[in-house]
Amino acid sequence: MITVCLNFFVAITAGVVLTIADVSAWYWSILWTILIAIAGMFIIGRILRKRMGKVQDEIQCIMMEYQQRMQAKIQRWRTKPVSSPKAAEQELARDRDEMISAIQAVLQPLEKYRLWIPLLGRQLATMELQFAWQKKDWKRVDELFPRALLMDPMLVTMRMARMWTQEASDDELAAFFAKATRRARYGTTALLYAAYAWMLVRRNRVDDAHKVLVEANEKNEHPVLKSNRDLLANNRIGHFSNAGFGEEWYALWLEEPKMRAQRQRHPGRFFG
């Protein structure tokens, strides 16, 4: 924001100087002021895009490095099984947390430029929020949500999921859901509707959940929404499930994926 103010200050000052120095008429000075302001914003934007591009490249390098490391471990475990699948999952989780911490270390120094660059603070908060969420760093998540740009449907659903874990009231959830779906485009709210219906079912508001799913199917095409709508209509509440959304659903941390029993075709092997 400071950068924008300085840019307009310089442009207005230049226009005033041109008028006072009798270099141009006042109406031409207004035109020059506008052109200088536009040129200044273009230059500033180009510099910022270049800087943010370097940051994104650095983040990509970090992610690739850790992903290759984790893939190498998975490949090694396929030929030389680990003692238990739980130990393997914990090791991969540690690698993931290390990756997220490294990315956060890249983003944190940019915070000092928040007042200088328009929307930078919100952009940084939005990026870091997703990594803090994966890490289950709830204190940091709660700090970032008010500053983040909740434009992506997944981020909006994450916000509602966080409200649920903080035991938000029915009215608070309903108000947030109504606002989030009011202007949403067709086909973008499937997970949001599914999550809200799940919350209503958990609070024994089955009729309300069914109404939500009826509306959901009018605004989205998704087999899980249709299946859950029909299950509730036939009073088969125990079969209600959002597991069909896969990782997208479990990434909300509202439910843990159910572990399937392993078939004992290869005793002692946990991968492959």
Side-chain angles (χ1 to χ4, degrees), residues 52-75 77 82 84-111 114 119-168 173 176 180 188-196 198-199 224 241-259 271:
M52 291 303 295
K54 289 181 179 179
V55 171
Q56 290 174 346
D57 289 343
E58 190 173 353
I59 290 174
Q60 285 295 327
C61 288
I62 293 171
M63 291 178 68
M64 287 180 60
E65 178 185 346
Y66 277 91
Q67 286 170 358
Q68 289 173 357
R69 183 190 303 181
M70 289 187 279
Q71 285 295 328
K73 288 182 179 180
I74 292 172
Q75 291 294 332
W77 291 335
V82 292
S84 73
K86 186 174 182 180
E89 290 174 4
Q90 290 174 345
E91 186 168 346
L92 290 176
R94 283 195 296 270
D95 287 342
R96 181 205 63 203
D97 290 346
E98 285 182 18
M99 177 187 73
I100 293 171
S101 295
I103 292 171
Q104 289 175 322
V106 173
L107 295 175
Q108 285 291 340
L110 296 176
E111 287 284 336
R114 283 195 302 118
L119 295 179
L120 176 64
R122 288 186 172 273
Q123 291 173 344
L124 291 175
T126 304
M127 292 173 65
E128 188 183 350
L129 171 63
Q130 298 172 69
F131 296 115
W133 184 274
Q134 292 181 45
K135 198 176 178 181
K136 294 186 181 181
D137 185 353
W138 303 125
K139 181 180 178 181
R140 186 60 179 160
V141 164
D142 292 337
E143 291 174 353
L144 292 169
F145 259 129
R147 293 161 43 197
L149 293 167
L150 302 184
M151 306 295 290
D152 184 84
M154 184 63 182
L155 291 175
V156 175
T157 310
M158 285 163 54
R159 181 70 188 98
M160 189 170 67
R162 185 60 184 149
M163 291 174 64
W164 169 263
T165 58
Q166 292 175 320
E167 300 182 350
L173 289 172
F176 180 85
T188 62
T189 54
L191 185 63
L192 181 64
Y193 271 97
Y196 187 49
W198 179 89
M199 294 173 187
V224 174
S241 174
N242 285 333
F245 282 94
E247 289 300 318
E248 197 176 22
W249 167 249
Y250 294 116
L252 297 174
W253 304 117
L254 293 173
E255 280 187 324
E256 292 289 336
K258 294 179 180 179
M259 300 297 293
F271 297 91

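This structure is a prediction, so every number in the text was calculated from the model and none was measured.
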Chemist: Do E255 and S241 have side chains that approach each other closer than 4.5 Å (heavy atoms only, starting at C-beta)?
Modeler: no
Chemist: Would you say Q166 has more than 12 foreign heavy atoms packed within less than 6.0 Å of its CD?
Modeler: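 Counting neighbours around CD of Q166, more than 12 heavy atoms of other residues, nucleotides or ligands fall under 6.0 Å, so yes.
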Chemist: Go through K139 and D137 one step at a time and tell me if the side-chain contact (heavy atoms from CB on, under 4.5 Å) criterion holds.
Modeler: CA-CA 6 Å; K139 181 180 178 181; D137 185 353; 4.1 Å; yes
Chemist: Looking at side-chain heavy atoms only, is the closest gap between L155 and Q130 below 4.5 Å?
Modeler: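 In contact.
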Chemist: Looking at CZ of R159 and CG of L129, how far apart are the two atoms once the value is rounded to the nearest 0.5 Å?
Modeler: 9.5 Å
Chemist: How many angstroms lie between atom CG of L150 and atom CE of M160, to the nearest 0.5 angstrom?
Modeler: 12.5 Å
Chemist: Taking the side chain as every heavy atom from C-beta outward, state whether L252 and L191 have any pair of such atoms under 4.5 Å apart.
Modeler: yes
Chemist: Answer yes or no: is there a side-chain heavy-atom contact under 4.5 Å between M99 and I103?
Modeler: yes
Chemist: I want to check something: taking the side chain as every heavy atom from C-beta on, are W253 and K136 in contact at a cut-off of under 4.5 Å?
Modeler: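 Contact flag for W253/K136 side chains = yes.
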Chemist: Are any non-hydrogen side-chain atoms of L254 and M199 less than 4.5 angstrom apart?
Modeler: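 Touching, per the 4.5 Å side-chain cut-off.
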Chemist: So, the side chain of D95 versus the backbone of M70: is there a donor-acceptor pair under 3.5 Å, distance only?
Modeler: no
Chemist: Test side-chain contact (heavy atoms from CB on, under 4.5 Å) on Y196 and T157; report intermediate values, then the result.
Modeler: CA-CA 9 Å; Y196 187 49; T157 310; over 6 Å; no
Chemist: Kindly give the heavy-atom pair with the smallest separation between A180 and V156, and that separation in Å.
Modeler: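 So the two residues come closest at CB-CG1, 3.5 Å.
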Chemist: Taking all non-hydrogen atoms of both residues into account, name the closest pair between F245 and A190 and its distance.
Modeler: CZ-O, 3.8 Å
Chemist: Can you check whether R140 reaches D142 side chain to side chain, under 4.5 Å on heavy atoms?
Modeler: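 No; the side chains remain at least 4.5 Å from each other.
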Chemist: At what distance, to the nearest 0.5 angstrom, does CE of M63 lie from CD of E58?
Modeler: 13.5 Å
Chemist: Under the 6.0 Å and 45° cation-pi test, does R162 pair with F145?
Modeler: no
Chemist: Can you tell me how far apart CD1 (I100) and OH (Y66) are? Round to the nearest 0.5 Å.
Modeler: 10.5 Å
Chemist: With side-chain contact (heavy atoms from CB on, under 4.5 Å) as the test, would you mind laying out the steps for W198 and W249 before giving the verdict?
Modeler: CA-CA 11 Å; W198 179 89; W249 167 249; 3.7 Å; yes
Chemist: Output yes when a side-chain donor or acceptor of T126 lies under 3.5 Å from a complementary backbone atom of A148, and no otherwise.
Modeler: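 Here the side-chain-to-backbone pair does not exist.
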Chemist: Output the distance between atom CD (Q90) and atom CG (D97), rounded to the nearest 0.5 Å.
Modeler: 11.5 Å
Chemist: Can you list the steps and then say if E98 with R69 is a salt bridge (charged side-chain N to carboxylate O under 4.0 Å, His left out)?
Modeler: CA-CA 12 Å; E98 285 182 18; R69 183 190 303 181; 3.6 Å; yes
Chemist: To check you understand the geometry: which heavy-atom pair defines the closest contact between S101 and K135, and what is its length?
Modeler: OG-NZ, 2.5 Å
Chemist: Quick one, I59 and M127 - any side-chain contact, counting heavy atoms below 4.5 Å?
Modeler: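 Counting from C-beta outward, I59 and M127 do come under 4.5 Å.
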Chemist: Strictly distance-based, threshold 3.5 Å: is any side-chain N or O of W133 a donor or acceptor partner for the main-chain N or O of A251?
Modeler: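 Between the backbone of A251 and the side chain of W133 there is a qualifying donor-acceptor contact (under 3.5 Å).
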